[in-house]
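These notes are about the structure you will find just below.
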Amino acid sequence: MAVSLSVTKGPAKGKVFTFAEHDTFLFGRMPDCHATFPDDTQVSRHHFILEACPPKASLRDLGSLNGTYVNGKKWGGRKKDETPEEGAKHQFPVVDLKDGDKITVGQTELSVTIEKGAAQPAVHAGIQPGELSELSPENLFALVFGGAHDPGLLKIPGFIAEKELGRGGFGAVYQARREKDGARVAIKVMLSQADATEDAVQRFKREMEVNRQLDHPNIVRFIESGSHKGAFYFVMELCDGGSLMDLFRRNKGPLTPEQLMPHALKALEGLAFAHSKGFIHRDLKPGNILIHKGVARVADFGMSKSFQMAGLSGMSMTGKTAGTPVFMPPEQIVNFKYVKPVSDVFSMGATMYFLLTGAFPFEFAAKRDPMDVILNDDVVPIRKRLATIPKPLAAAIDRAVTKKHKERIPNGEEMLRSIKHYNDKVEIPRQS
């Protein structure tokens with residue numbers, strides 16, 4: 001299966017962009033776009049984003065001046081008297097693309113080709129193609145498990161689910177008891193939001209099995225994985241203290257540096273170890289840093305991002321389940337498959353920024369397109385949010401969340417070292 005964009009008119013005539021797996025495509029005048037047209041005055045800085053999740057594709061205008069035309073119909077486009085910033089306050093509708101569609105912007109026309117390939121069994125037996133994208137997470141749980149969203153319905157061989165610990169866009173986490181020895185564990189269940197094939201499922205499972213190599217006291221231990229009724233489950237050690245997001249909520253707002261730093265330093269030890277072994281997290285956020293016996297541990301290494309990369313999340317940038325990527329570095333929007341330690345550093349810095357201030361590095365204004373904010377706005381220095389944050393700590397966080405990844409702290413070990421002086425009693429061993 002593949003989605004291709006062929007330039008049939010304009011300065012780039014003859015170019016072809018092909019997506020054989022989940023990816024994004026940015027069109028505009030700026031150098032960070034995949035298709036760049038600096039001399040076409042009808043093209044905006046960041047004109048539209050297209051997301052491909054073969055065999056599906058969708059497009060959204062990003063508040064351009066002249067709009068994006070699909071088969072002659074205009075989608076998006078700000079009013080003539082609006083500035084780019086004013087136009088970006090509108091989040092324009094998503095257009096689902098079909099084979100043979102024509103996209104027109106300025107002098108350029110692109111033709112959409114969708115190759116579906118040989119039929120393969122869908123992940124969820126008994127569900128017709130296309131149905132998954134129309135189901136809410138709650139209805140999907142009911143479909144897979146046969147009733148209400150209840151841990152009693154979670155029948156995974158060898159485990160007895162006891163209670164739900166949390167829920168997100170792709171699935172839920174349960175506390176469970178292992179039947180063979182009574183040990184309590186956490187089970188994360190992830191449900192495909194797309195008509196994924198068995199090939200995609202196997203790719204995802206293989207990548208997750210590699211996580212067994214991550215053995216470190218500040219990384220949540222991965223025990224086993226499997227599938228059940230078309231859902232994927234991952235058994236992990238149970239952490240008794242919840243997440244840093246739970247701590248933020250219990251605190252009823254931002255943490256002090258004294259509250260946060262012991263956990264941040266331990267999480268960075270885990271991240272530094274993973275980076276030294278060639279692993280990238282790709283989805284760091286407050287909910288993915290857990291506390292066990294008072295010590296922070298990083299959870300979900302690569303899980304959510306690998307789920308997206310396999311096409312199991314559906315449209316994560318443009319679709320109905322798309323969220324605001326408030327902890328995601330800008331380069332991962334421009335290059336969906338970009339995976340480097342420096343991107344984890346941004347997400348860790350954004351996590352610390354939020355936990356200390358209650359705000360995000362970017363100013364996400366109400367109703368403004370978050371993609372436009374991340375692509376075009378500057379990061380707000382953390383001391384402009386909270387002037388009492390110590391300058392050395394603020395400088396480290398600001399360097400972690402800079403938009404230019406070449407100027408950013410390069411990896412978890414260097415970020416650990418850049419803030420260790422805040423707590424002189426914490427020994428920071430160099431990773432081997």
Side-chain angles (χ1 to χ4, degrees), residues 5 7 9-13 15 17 19 23-52 57-70 73-95 97 102-110 112 315-318 322 324-326 328-338 343 346 350 360-381 401-408:
L5 298 177
V7 182
K9 291 183 182 179
K13 183 178 179 180
K15 278 192 175 182
F17 304 90
F19 310 96
D23 209 342
T24 54
F25 173 85
L26 197 61
F27 183 103
R29 290 204 321 269
M30 298 296 286
D32 58 0
C33 293
H34 300 95
T36 305
F37 301 89
D39 300 323
D40 190 337
T41 59
Q42 292 181 290
V43 175
S44 293
R45 293 176 300 177
H46 295 105
H47 200 104
F48 72 77
I49 185 170
L50 181 146
E51 184 171 13
S58 60
L59 172 153
R60 190 175 83 238
D61 186 90
L62 293 174
S64 67
L65 175 62
N66 297 300
T68 303
Y69 289 80
V70 179
K73 181 177 178 180
K74 183 180 180 180
W75 294 89
R78 64 183 187 269
K79 297 176 182 178
K80 296 296 183 183
D81 59 346
E82 287 182 322
T83 65
E85 291 71 26
E86 291 170 335
K89 292 179 181 179
H90 312 294
Q91 186 157 337
F92 295 105
V94 172
V95 185
L97 300 172
K102 304 293 183 184
I103 304 168
T104 306
V105 175
Q107 305 169 34
T108 301
E109 182 177 278
L110 303 100
V112 179
M315 297 298 182
S316 53
M317 292 285 189
T318 60
T324 300
V326 292
M328 183 186 292
E331 65 267 20
Q332 282 191 359
I333 293 176
V334 174
N335 188 345
F336 185 77
K337 292 184 284 189
Y338 188 95
S343 297
F346 180 96
F360 303 112
F362 292 102
E363 191 69 74
F364 292 104
K367 296 183 179 181
R368 185 175 172 192
D369 192 321
M371 299 293 182
D372 182 80
V373 173
I374 295 170
L375 290 170
N376 294 310
D377 286 10
D378 293 326
V379 167
V380 179
V401 298
T402 182
K403 285 182 70 172
K404 297 179 180 179
H405 62 269
K406 291 183 179 180
E407 298 176 5
R408 200 179 298 155

With a 3.5 Å distance limit and no angle check, can you tell me whether [X] reaches the backbone of [Y] through a side-chain donor-acceptor pair?
X      : Y      : value
Asp61  : Gly77  : yes
Arg45  : Gly28  : no
Lys403 : Ile374 : yes
Arg60  : Ile49  : no

State, to 0.1 Å, how close [X] and [Y] come at their nearest heavy-atom pair, and which atoms those are.
X      : Y      : result
Cys33  : Leu26  : CB-O, 3.4 Å
Pro38  : Arg29  : O-CD, 3.8 Å
Leu65  : Ser44  : N-OG, 3.0 Å
Gln42  : Gly106 : OE1-CA, 3.4 Å
Phe17  : Phe19  : O-CE1, 4.0 Å
Arg408 : Ser343 : NH1-CA, 3.9 Å

Ring geometry between Phe25 and Phe48 (parallel below 30°, tilted from 30 to 60°, perpendicular above 60°): tilted
Parallel, tilted or perpendicular: rings of His47 and Phe27 (30°, 60°): perpendicular
Just wondering, do [Y] and [X] contact through their side chains at under 4.5 Å, heavy atoms?
X      : Y      : result
Val379 : Thr402 : no
Val43  : Thr108 : no
Leu5   : Val112 : yes

Atom pair CZ (Phe346) and CD (Glu331), whose distance is rounded to the nearest 0.5 Å: 7.5 Å
Set of residues satisfying side chain to side chain contact (heavy atoms under 4.5 Å, CB included) with respect to Lys9, sequence neighbours excluded: Glu109
Listed partners of Asn376 passing side-chain hydrogen bond (donor to acceptor under 3.5 Å, both in side chains), at least two apart: His46, Asp372
Audit row: Leu110, Leu50, side-chain contact (heavy atoms from CB on, under 4.5 Å) steps and yes/no: CA-CA 12 Å; Leu110 303 100; Leu50 181 146; over 6 Å; no
Residues, nucleotides or ligands: over 12 heavy atoms within 6.0 Å of Lys13 NZ: no
Residue Lys15 excluded, over 12 heavy atoms near NZ under 6.0 Å: no
Audit row: Val95, Thr68, side-chain contact (heavy atoms from CB on, under 4.5 Å) steps and yes/no: CA-CA 10 Å; Val95 185; Thr68 303; over 6 Å; no
CA sep, side-chain torsions, deciding dist, call: Asn66, Val105, side-chain contact (heavy atoms from CB on, under 4.5 Å): CA-CA 8 Å; Asn66 297 300; Val105 175; over 6 Å; no
